[in-house]
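The block underneath contains the structure these notes are about, expressed in structure tokens.
In this text, all values refer to a predicted model and were calculated from it rather than measured experimentally.
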Amino acid sequence: MSWIRRRSGWTSPAEVDLFIARFESSAESLSQALRVAASSAAAAAETDADTVPFGQLQGTVVGLRYYTGVVNPGEMVALVREPQNPYDRNAVMVANMDGSQVGHIKKDLAAAMAFVMDNNLAKVEGVVPYRNNAFTMPVSLSFWGAEEDKPAFTQRMAQHGFKMNSGGIMSTSNGAQGGRPPAKKPVTIPLSAEELKNAFDNLFDGLMESKEGEKEAAELVSTPLLPHQKQALSWMCACENGSTLPPFWEQRGALYYNTLTCFSAKDRPQRVRGGILADDMGLTLSSKGKTLTTIALILTNFHQGKPLPVQRCEELTEMAPSRPEGSEDSTVVRDAAIGSPRSDSPQTSAETQEVMIVSSDAQKKKTTVLLEDLGFAAALSGSTSSTKPKNKRSAKKAVPKDDLDFAAALSGSTSVTKSKNKRSAKKAVPEDRVLPCISENAEELSARATLIICPLSVLSNWLDQFEQHVRADVQPNVYLYYGPERNRSTSFLASQDVVLTTYNVLAADHANKSPLHAVSWLRVVLDEGHVIRNPNTQMAKAVLHLKAQRRWILSGTPIQNSVKDMWMLLAFLQLKPFDIKEWWNRVIQRPVTQGDRAGLLNLQTLVRCITLRRTKSSTVNGRPLVALPKKTVCVEQVELTPQERAEYELARLEGQSTVSRYVAEGSVMSNYADVLAILMRLRQHCCHPDLLAKIASDLSVATTPAELRQRLVEKLRAVLASGSDEECSVCLESVRLPVITHCAHVYCRPCIAQVVASEREMARCPLCRSDLTISQLVEVPPEELEGEEDGARCERWRTSSKVEALLGNLLRLRSEDRSIKCLVVSQFTRFLSILETPLREQGFSFVRLDGTLSPEEAGSAGGVGLNLTAASHVFLMEPAWNPAAEEQCIDRCHRLGQTRKVFVTKFIVKDSVEENMVKIQRRKQDLVEKAFGSKNTDRKTSRIDDIRALMEL
DNA sequence: ACCGCCGGGTGCC
DNA sequence: ACCGCCGGGTGCC
């Protein structure tokens, strides 16, 4: 008896809400049933690759005449259990793609299916092969499930007298043959895992060759756009104004027909007025290219293709008197009159330095700080003081301030002063009656504001960019919706040109009569949109419930590692019918994960229709979009001295015995922090002996609460410093605002706070079920980081093999060409400190960037956009766990603006944990599962495997 | 006739 | 529903 209630296949609260939304007029029983289905399946299971076909069955849909839903030949239908049906508790209803009920499954078959569905022995997909009469119709049911459930399923169906046809692979390619049953399934060879992975990796590549042309930004934009930015603007405007049908839809007479599901609708399905702008980071001067393009879009494409009507600010106009129209001219005038923009100041300062030493951790966590050069710090931290002295906002910003305070101080103050402008502005610029492709009705025309949602770390970047790229005399109303004093008036928000907020504010508001959700936005923009790829998060749900005419996702990495991640993006863009997970799963995800070629082709088409992505290697009319100098990567093997080797081996043997004990006990995960600490010590040995902190690793030796706290802080710091890209088990993202529990597990503070809040009684640690309270959570006190270092530095300095390897390279390069600048990257800030000594001794000038500030504070300091193109040689002092992090470091140099050939040197200590890390990196890249919907459980086991490999166990 | 057969009424779950 | 099923009317050929 193994029919334990498992998570159900196709409903999660979010998607059912969407499903129901469309349905209000329909029969009560249906929405009821859907609600019940939703509540019984609060946690949605995913369609995983381990789903296998169980077979097919021809059934009958009855009671058609009682319902409105119509079905075309070959159309897919949804099968929904309806346990509350007063006539039959086994009822299984049949619904249309738009959610209209079509009928019921005939009761004898329904009785068999009810059991199967209720116990999640199988998922059912239905296709109506043909229509015969007005009262019943046939339905071809295919059943899918986990291999181990197949016998139970088959047996149960047999008990009811139903025998499955062979469960061969069924193609999803349009079933519109309309033929008689049994429809012949074309026999196709399923894609191999390898083919799939390749196709998937290339999904976002080579999109949008330049058939779009270029579009100039409105004159309001003061920064000239680069050619590929004009191209993006052109594409974005076309997406917003065009009226093309979404992919897979075509007009057939008076109806609109979906060629994949064969559904037809009377109402024209809205083409997403928006899409995904997924330009690669290395493509732009800092990541601000997307920001600039988006600002240009906001200003250039208001209603009916006209620019945003904004009034000039009188005082500023006086200051910078009347100037010729045309963006280039005005830029020149503005620059001359007001001072040059500071976008390039990081390079300018950096150019004076020979060596930049950078903590790669700082980059990964999007933090950047500077120790040595205060001028550089000011440039990076984004103070805009010189640009517009009269502007209140700028004046405030000139004071170097903690970003959070800064945000709080700003919120509410910005546009109040200006909001009065707006009415007159609308009159001042009369709207032309030029007919656009999309006819905009009165309500649509009333929407004005663009809502931009971004991670906190890039909030101030947006504010800066608006100031920097918009003509000084026409600042649009940009309201920062953030901080306790934020203005929650719906009408105020709706009257802004731009409202800027964070995912967290949005999510927090969503729970509690959110004004953001009451506004009808002209446009919603999700910056770093991949952060909401998990649809179960509050942020994701909050985002889905926003009302908007146009929707954009900005992201450098639209898919992180699985097809699954795509769904949230499509749902946000409301790409019919994939915004409902049932259809996404059936039409794309399940076929693709099972190697269906047609499914993959459909996915490719889909992505192509809504995405603009250019990479460094993209071409326009056969010519490279951006010509980048060549990049050479080499690995330099470092041999430890006998002394270092002896110390390393000692640490390795000790670590091995501890970890092998954990492996034997099966307690690796519960001692994860310890394991990471061991690994880190080995990695530190590879770099420099003085990196090793004297950490008492055993929590049990802590006697006093203060001592325990200190131990936890050390552990947390060890985890963070390990560079393991620690993942929060609640949100499954890299931890942000990390805290450690008394049971030594690390989470994002907001995530674990939410867990605690949602627990009625005593909250438990999601990983080990220990009791926990908010007050027990421990975080790293930021100021402590500095003090300790001084202690370490006081000791007598010594060298290490790796230090020597680096110095050898630097000295050689300097003797070859004194103008060469180098970027030295390490995840250990202490290592950077150690490196300072010989660099000074040898007379190298350098700046240092590292992550001593919290992400919020440092976010504005360059963040993801940190641009280090002044350097042409990159030295990665040690391997990263995540190869993408290394790539990111390299891309700081190898991007637009780089004029020299780029050389990358990776130092790897021979016969060490570092070599094992490289092996794992390589193996991971080959691992298909990594790219395709790998299961959560596997992630854990593969981690343990990783640890064993690292420890050579 | 405790049948068969006829033909009208009727029809999801 | 050009079906199946029900139940009343009917009953040699």
Gap in Å between the two C1' atoms, one belonging to dC13(C) and one to dC2(B), rounded
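These two C1' atoms come out 25 Å apart once rounded.
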Pairwise C1' distance for dC5(C) and dA1(C), with rounding to whole Å:
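The answer is 12 Å between these two C1' atoms.
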Classify the ring geometry between F578(A) and W584(A) as parallel (under 30°), tilted (30 to 60°) or perpendicular (over 60°).
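Rings of F578(A) and W584(A): perpendicular, over 60°.
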Fit a plane to each ring of H517(A) and H510(A), take the angle between them on a 0 to 90° scale, and name the class: parallel (under 30°), tilted (30 to 60°) or perpendicular (over 60°).
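H517(A) and H510(A): tilted rings.
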Any N/O pairs under 3.5 Å between the protein and nucleotides 3-6 of chain C? List them or say none.
none

Measure all distances between protein nitrogen or oxygen atoms and nitrogen or oxygen atoms of nucleotides 11-13 of chain B, and list the pairs falling under 3.5 Å.
from	atom 1	to	atom 2	distance (Å)
dC12(B)	OP1	Y66(A)	OH	3.2
dC12(B)	OP2	Y66(A)	OH	2.3
dC12(B)	O4'	G63(A)	N	3.4
dC12(B)	O2	H104(A)	ND1	2.6
dC12(B)	N3	Y67(A)	OH	2.8
dC13(B)	OP1	K107(A)	N	3.2
dC13(B)	O3'	D88(A)	OD2	2.5
dC13(B)	O2	N85(A)	ND2	3.1

Any strand is fair game: report the nucleotide pairing with dC2(B) by Watson-Crick or G-U wobble, both distances under 3.5 Å, or none.
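Base partner found: none.
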Mark yes or no for whether Q594(A), through its side chain, and T51(A), through its backbone, hold a donor-acceptor pair below 3.5 Å.
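A pair under 3.5 Å: yes.
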Minimal non-hydrogen separation, S520(A) against A447(A), with atom names
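That closest heavy-atom pairing would be O-CB, 3.5 Å.
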Of the non-hydrogen atoms in W583(A) and A78(A), which two are nearest, and what is the gap between them?
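Looking at all heavy atoms of both residues, the closest pair is CH2-N, 3.8 Å.
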Could you check W552(A) against V524(A) for side chain to side chain contact (heavy atoms under 4.5 Å, CB included), going step by step and ending with a plain yes or no?
CA-CA 6 Å; W552(A) 287 100; V524(A) 172; over 6 Å; no
Check this for me, if you would: do K123(A) and E125(A) make a salt bridge, where the nitrogen-to-carboxylate-oxygen distance has to be below 4.0 angstrom?
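Not counted as a salt bridge, because no side-chain N and carboxylate O are separated by less than 4.0 Å.
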Within residues 79-99 of chain A or reaching into it, pairs that qualify as ring pair (Phe, Tyr, Trp, His ring centres under 6.0 Å) - sequence neighbours excluded:
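Passing the test, one end in residues 79-99 of chain A: no pairs.
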